[in-house]
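To start, the structure under review is shown below, and the notes come after it.
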Amino acid sequence: MKINQSSLLSHPYILLFISILSVSISSIMIKSSDTPTAVAGMYRLYISVIIMLPFVPWKTLRSSEMNKKDWSTVLLAGLFLGLHFLFWMESLVYTSVASSMVILSLQPLFVMIGSYFMFRERANILTILCLIAALIGSTIIAWGDIGVSREALIGDGLSLLGTIFVSAYMLAGQKVSRKIDANLYSVIVFFIGGSVMLVYSLLNNITLIEYESSDWTYFFLLAVIPTIFGQYIFNLLLKSIGATTVSVGIIGEPVLAIILAYVFLGETISISQFTGGMMTLFGMGMYFWAKSLNYAVVKNKMY
């Protein structure tokens with residue numbers, strides 16, 4: 001796979017790092033707020049849509065190669081995104097940032113399995129070993145939270161459901177990424193995802209408007225930082241590096257989230273979290289090193 005690189009900031013892996021850092025901040029913001037998670041998620045996505053609308057190239061719809069099946073995939077992707085936010089954001093109410101994030105790091109495993117069945121993408125032994133190392137590191141990070149309480153177990157279950165849905169969301173995005181503009185795709189799935197949480201809020205009689213100015217600032221920041229600079233960039237990268245590589249990068253999110261939780265929330269970093277974090281970063285580093293070798297081989301064959 002060839003990566004077109006016009007500048008350092010447009011390099012896929014630089015963009016991937018920016019997006020991972022951005023989404024890592026979301027768990028800290030969610031933990032710091034008392035607003036209902038469904039409402040926060042809804043406004044997070046709706047505000048993102050409003051901000052992105054002026055940049056959507058609507059003219060591309062005329063030349064689009066999308067068929068009814070592809071549009072159905074886009075609709076499903078939006079549904080999966082909404083369910084992901086609904087379950088994952090709620091998990092942070094019951095369990096710690098570390099525990100919820102480590103379960104989310106199982107995403108590349110689900111995506112890799114899905115990529116094999118959907119796109120016939122085969123992972124080599126080195127890639128699998130790097131992924132295993134990163135996953136073991138993530139498991140070590142959250143080991144201290146296992147069996148802490150019934151609430152923590154509920155939170156872990158919600159996080160697992162959220163992980164399954166975001167994996168499906170990534171795979172759906174990759175399936176249509178070459179047929180639809182990333183801006184247009186993001187606006188559509190963000191709107192549908194926000195609508196999922198709107199329906200949930202209405203069914204549970206959750207108020208939608210009676211919030212303080214600080215809460216609206218929080219909604220806006222959630223839209224700009226982890227959604228536009230996070231989820232949107234993920235969608236942008238699906239076409240160039242694929243869902244599996246994007247998902248492997250997300251394994252680093254628990255490490256960054258733990259560091260941010262230490263700085264902003266005062267959560268302690270245990271020896272197991274530090275050890276697991278280092279192992280996770282090592283596994284990720286080896287994975288991306290292996291991918292860079294593959295890119296170099298492909299590039300050499302082309303010349």
Side-chain angles (χ1 to χ4, degrees), residues 16 19-27 29-30 37-38 40-42 44-45 48 73-93 95 97 99-115 117-119 131 134-135 138 142 155-177 182 185-186 188-197 200 222-223 225-239 241-257 284:
L16 183 59
S19 60
I20 293 168
L21 179 61
S22 298
V23 295
S24 299
I25 295 173
S26 66
S27 58
M29 298 174 69
I30 295 166
T37 54
M42 178 191 70
R44 165 184 181 169
L45 293 174
S48 297
T73 300
V74 173
L75 295 176
L76 279 175
L79 175 63
F80 293 150
L81 180 64
L83 292 173
H84 158 64
F85 280 132
L86 193 61
F87 286 113
W88 176 71
M89 292 177 71
E90 189 67 18
S91 75
L92 293 171
V93 175
T95 190
V97 170
S99 184
S100 178
M101 297 299 291
V102 73
I103 294 173
L104 187 63
S105 70
L106 293 173
Q107 179 182 335
L109 180 61
F110 296 142
V111 172
M112 186 177 291
I113 294 171
S115 294
F117 288 103
M118 291 180 64
F119 311 115
L131 178 58
L135 289 175
S138 295
D156 292 344
L158 291 172
S159 183
L160 179 60
L161 287 172
T163 302
I164 293 172
F165 282 120
V166 76
S167 300
Y169 165 70
M170 284 287 183
L171 290 168
Q174 180 174 335
K175 189 173 179 64
V176 298
S177 62
Y185 172 77
S186 296
I188 294 173
V189 296
F190 289 171
F191 179 79
I192 295 173
S195 299
V196 169
M197 284 176 282
Y200 175 86
L222 273 178
I225 301 174
T227 309
I228 294 178
F229 282 95
Q231 295 293 334
Y232 165 66
I233 294 180
F234 287 156
N235 293 338
L236 198 64
L237 292 174
L238 288 174
K239 183 177 180 179
I241 62 178
T244 300
T245 300
V246 171
S247 297
V248 171
I250 295 174
I251 294 180
E253 189 178 345
V255 180
L256 291 174
M284 286 177 56

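If you're wondering where the values come from, they're calculated on a predicted model, not measured in any experiment. Values below: every heavy atom of this structure, side chains too, minus hydrogens, waters and symmetry copies.
By the side chain to side chain contact (heavy atoms under 4.5 Å, CB included) test, Leu236 pairs with Ala182, Tyr232, sequence neighbours left out. Remark: Phe110 pairs with no residue by the ring pair (Phe, Tyr, Trp, His ring centres under 6.0 Å) rule, at least two apart or across chains. For Leu76, the side chain to side chain contact (heavy atoms under 4.5 Å, CB included) criterion is met by Leu79, Phe80, not counting sequence neighbours. Under the rule for a ring pair (Phe, Tyr, Trp, His ring centres under 6.0 Å), the partners of Phe165 that lie at least two apart in sequence or sit in another chain are Phe87. Considering only residues two or more places apart in sequence or on other chains, Ser247 meets the side chain to side chain contact (heavy atoms under 4.5 Å, CB included) condition with Gln107, Pro108, Val111, Met170. By the side chain to side chain contact (heavy atoms under 4.5 Å, CB included) test, Pro226 pairs with Ser26, Arg44, Leu222, sequence neighbours left out. Ser48 pairs by the side-chain hydrogen bond (donor to acceptor under 3.5 Å, both in side chains) definition with nothing, not counting sequence neighbours. Applying the side-chain hydrogen bond (donor to acceptor under 3.5 Å, both in side chains) rule to Ser167 yields no partners; only residues at least two apart in sequence or on another chain are considered. The side-chain hydrogen bond (donor to acceptor under 3.5 Å, both in side chains) search around Ser115 returns Thr244, not counting sequence neighbours. Residues satisfying the ring pair (Phe, Tyr, Trp, His ring centres under 6.0 Å) criterion with Tyr200, sequence neighbours excluded, are absent altogether. The side-chain hydrogen bond (donor to acceptor under 3.5 Å, both in side chains) search around Ser186 returns Asn235, not counting sequence neighbours.
Atom-to-atom distance recorded for Ile241:CD1 and Gln174:CD is 10.0 Å, nearest 0.5 angstrom. Distance CG/Leu86 to CG/Leu161: 10.0 Å, rounded to 0.5 Å. Interatomic distance, CE of Met197 versus CD1 of Ile192, reported as 12.0 Å (0.5 Å rounding). Once rounded to the nearest 0.5 Å, the distance linking CD1 of Ile164 with OG of Ser159 reads 10.0 Å. Residue Gln231 holds its CD atom at 4.5 Å from CZ of Phe85, rounded to the nearest 0.5 Å. Expressed to the nearest 0.5 Å, how far CD1 of Ile188 lies from CG of Leu81 amounts to 13.0 Å.
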>> Between Leu238 and Phe234, is the side-chain contact (heavy atoms from CB on, under 4.5 Å) condition met? List the steps.
In response: CA-CA 6 Å; Leu238 288 174; Phe234 287 156; 5.8 Å; no
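Listed here is the closest heavy atom pair of Ser91 and Leu158: CB-CB, 3.7 Å. Pairing each heavy atom of Ala172 with each of Tyr185, the nearest pair is C-OH, 4.3 Å.
Residues Val74 and Val189 have side chains in contact (heavy-atom distance under 4.5 Å, counting atoms from C-beta outward). Taking 4.5 Å as the limit, every side-chain heavy atom of Trp88 sits out of range of all side-chain heavy atoms of Val166.
Ser24 contributes a side-chain N or O that, together with a main-chain N or O of Ile20, makes up a donor-acceptor pair within less than 3.5 Å.
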